[in-house]
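Whatever order the structure lists ligands and atoms in, that order sets their numbers, starting from 1. All of these numbers come straight from a predicted model, not from anything done at the bench. For reference, positions follow the sequence shown, starting with 1.
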Amino acid sequence: MPNPFYGKDIVSSKDFTRRDMEYLFTAADKLHNLSPDQRMKLGRGKVASLLFFEPSTRTRLSFEAAMQSIGGQVIGFYDTKGTSVEKGETLADTIRVVDGYCDAIVLRHPMEGAARFAAEQAEKPLINGGSGSEEHPTQSLLDVYSILSEKGRIDGLNIAVVGDLKYGRTVYSLLYALANYRPSVQLISPPQLKLRNEVQIDLGDRLKTTEGEKLEEIIHEVDVMYVTRIQKERFPDPAEYERVKGSYVIDLKLLEKAKRDLVILHPLPRTGEIKPEVDFTPNARYFAQAHRGKGLRAALFSLILNEDVSLLE
Ligand code: NCD
């Protein structure tokens, strides 16, 4: 199979096929076993720009560590303070300029549609590192890779997605990515934070989903629980946030009702929805999930930047 990622933008999980994703996961596994010399060849002489218009810890640092791990370099900003954005430079101009300094761009931006727009402005491949409440496609690649690593399959699994399904961009990307497989998905949220209608329209009948509110009622049948943070910063009305904050708290008591081999994932950061006491159970796999981000993003950079990736096939 020719490398499907070479020179490509990564804007939405809707653009991936199951074969694309599995090609990337194989590349990530292979990359892990390369000698340092072989690995360094994949990024040598290449530069990635990381343009972060919103806070980030994992996405930014794992992309940065990923590029360095394949011998490449990173430039960018993580705060618009001190950049020409403060003087009123448009996103289009910033992208067009940075495009000339690098081989790939990673953009995180508070507005939906920003990544698609920026990808149209850039000649170099553009990776969406989070676009408002819309999508976060590399997180979903990491989430699917984590489920496969933990469970060995996705088809036939019962996956609960819990929390802020309205504003959580990782949820949208995850559901689009899961639609390439055959799991059952239970969407658990307060009524005010139900999934936006657009996703149901996009997915049609490609993904089996049910909606509910009570996690205690379904926890016993769940194989993978994907927990999300209530996205305080995206609520148009702070009073609305006050009404739903703390809706779900995963603690040891709740886990008494769970399957023994339940896998708990979370894109992180968490803000109280998983109690620290859960970290010490074998079910807690969210830190392992975050750690996989570096290798997976290194594989993604390698595939985007090199046409010939025979070492990774
Ligand atoms: C997520 C994000 O930025 O959307 N974080 C991440 O990239 N792992 C999740 C969140 O902020 O809640």
Between OG1 on residue Thr170 and CG on residue Asp143, distance to nearest 0.5 Å: 6.5 Å
Closest approach of any protein heavy atom to atom 4 (O) of ligand 1, naming residue and atom: Arg169 NE, 2.7 Å
Close side-chain approach of Thr59 and Arg297, heavy atoms under 4.5 Å: yes
Protein heavy atom at shortest distance from atom 5 (N) of ligand 1: Leu268 O, 3.0 Å
Heavy-atom nearest neighbour in the protein, as seen from atom 11 (O) of ligand 1, with distance rounded to 0.1 Å: Arg229 NH2, 2.9 Å
Heavy-atom donor-acceptor pair, Thr228 side chain to Val162 backbone, under 3.5 Å: yes
Step-by-step side-chain contact (heavy atoms from CB on, under 4.5 Å) determination, Ser133 to Gln231: CA-CA 9 Å; Ser133 58; Gln231 307 276 302; over 6 Å; no
Proximal atoms of ligand 1 relative to Thr170 (non-hydrogen, under 4.0 Å): 1 (C), 4 (O)
From Glu135, His136, Arg58 - option closest to atom 7 (O) of ligand 1 by heavy atom: His136
Validation row: Asp164, Tyr241 side chains within 4.5 angstrom (heavy atoms): no
Subset of ligand 1 atoms that lie under 4.0 Å from at least one heavy atom of Thr59: 6 (C), 7 (O)
Salt-bridge present (Arg196, Glu198; N to O < 4.0 Å): yes
Closest protein heavy atom to atom 8 (N) of ligand 1, given as residue, atom name and distance to 0.1 Å: Pro267 O, 2.9 Å
Within-shell test, Glu54 vs ligand 1, heavy atom, strictly < 4.0 Å: no
